[in-house]
> 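Got a structure for you, written out below as structure tokens; questions coming shortly.
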Amino acid sequence: MNAPNPDIATNLERVIERIRSAEVTYGRTPNSVSLLAVSKRQPVEAIRAAYQAGQLAFGENYLQEAAEKQSTFASSDIEWHLIGSLQSNKTRAAATSFDWVHTIDRAKIAQRLSDQRPDALPPINICLQVNISEETQKAGCPPVEVLPLAAATADLPGVSLRGLMAIPEPSTDCTVQRRSFAKLRKLYEQLQDEGFRMDTLSMGMSLDLDAAIAEGANYVRVGTAIFGPRNN
Ligand SMILES: *Cc1c(COP(=O)(O)O)cnc(C)c1O
């Protein structure tokens, strides 16, 4: 992979400023939005640069690639979030090496993570991924299935249900972006009304994080705006 982008510390600072200013603009509680730095397809040195600039939460999409990076930072205080799709035959690796999985769209995956979570570790934090724009061939459970999925996962001993996640259909129109994020927020509020105790709405990326914050995001997942273009 290529050398890391030399501007990572500056970019990181700008993204954090963008988040803090969106919190003010949209009347959100100060510091209520956390930044997940998405380091997929970026070299280890890029993670190191962001880490040295104070970033602790990193998102990865691919287990194999993540394993190599995680071994480099073996005893660090980095918090690892899996944000790529997880197949049921790969759950053990995720259960042992991640703190969060944002992409649970079937009860079976959560069940396996719970069973395979090592006893020495706290329950793994999960978000249920919702196919909020109801696109065909897109990951995430359909909106109507979120409630049964929450019911099936909330009491598993090895997982902690923290909230919902979505990747809406991309749009450059802020009104359209907000409409999608508002749908996820409404589902989240419905679940809270049903008694599910959750604290996380994982939504918003480099191009739509402001709209996501306007609609209640508390984790934005940002790659390109911090690290620059990815190596593919
Ligand atoms: C790659 C990725 C991101 C980051 O996207 P950027 O546009 O680079 O900010 C966020 N969330 C998920 C699930 C991703 O796969």
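Ligands are counted one by one from 1 in listed order, and the atoms in each one are counted from 1 as well.
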> Mind running side-chain hydrogen bond (donor to acceptor under 3.5 Å, both in side chains) on Y51 and D77 for me, showing each step along the way?
CA-CA 10 Å; Y51 178 65; D77 49 354; 2.5 Å; yes
> Following the transitive rule for hydrophobic clusters with a side-chain heavy-atom cut-off under 4.5 Å over Ile, Leu, Val, Met, Phe, Trp and Tyr, establish whether L36 and W80 coincide in one cluster.
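Hydrophobic grouping puts L36 apart from W80.
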> Please check if atom CZ in R20 has more than 12 non-hydrogen atoms from other residues, nucleotides or ligands closer than 6.0 Å.
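More than 12 within 6.0 Å, yes.
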> Applying a heavy-atom distance cut-off of 4.0 Å, which protein residues contact ligand 1?
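Within 4.0 Å of ligand 1, protein side: V38, K40, N61, I83, M165, I167, M205, S206, R221, V222, G223, T224, R230.
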> With sequence neighbours excluded, give me every side chain to side chain donor-acceptor pair (under 3.5 Å) pair touching residues 116-129.
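Every side chain to side chain donor-acceptor pair (under 3.5 Å) pair that includes a residue of residues 116-129, provided the two are not neighbours, is T91-Q116, N125-R162.
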> Kindly state each residue pair satisfying side chain to side chain donor-acceptor pair (under 3.5 Å) with at least one member in residues 164-173, sequence neighbours excluded.
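Pairs touching residues 164-173 that pass the test: D173-T175.
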> Taking salt bridge (Lys or Arg N to Asp or Glu O under 4.0 Å) as the test, write out the residues that go with E135, two or more places apart.
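With sequence neighbours excluded, E135 shows a salt bridge (Lys or Arg N to Asp or Glu O under 4.0 Å) to K138, given in chain and number order.
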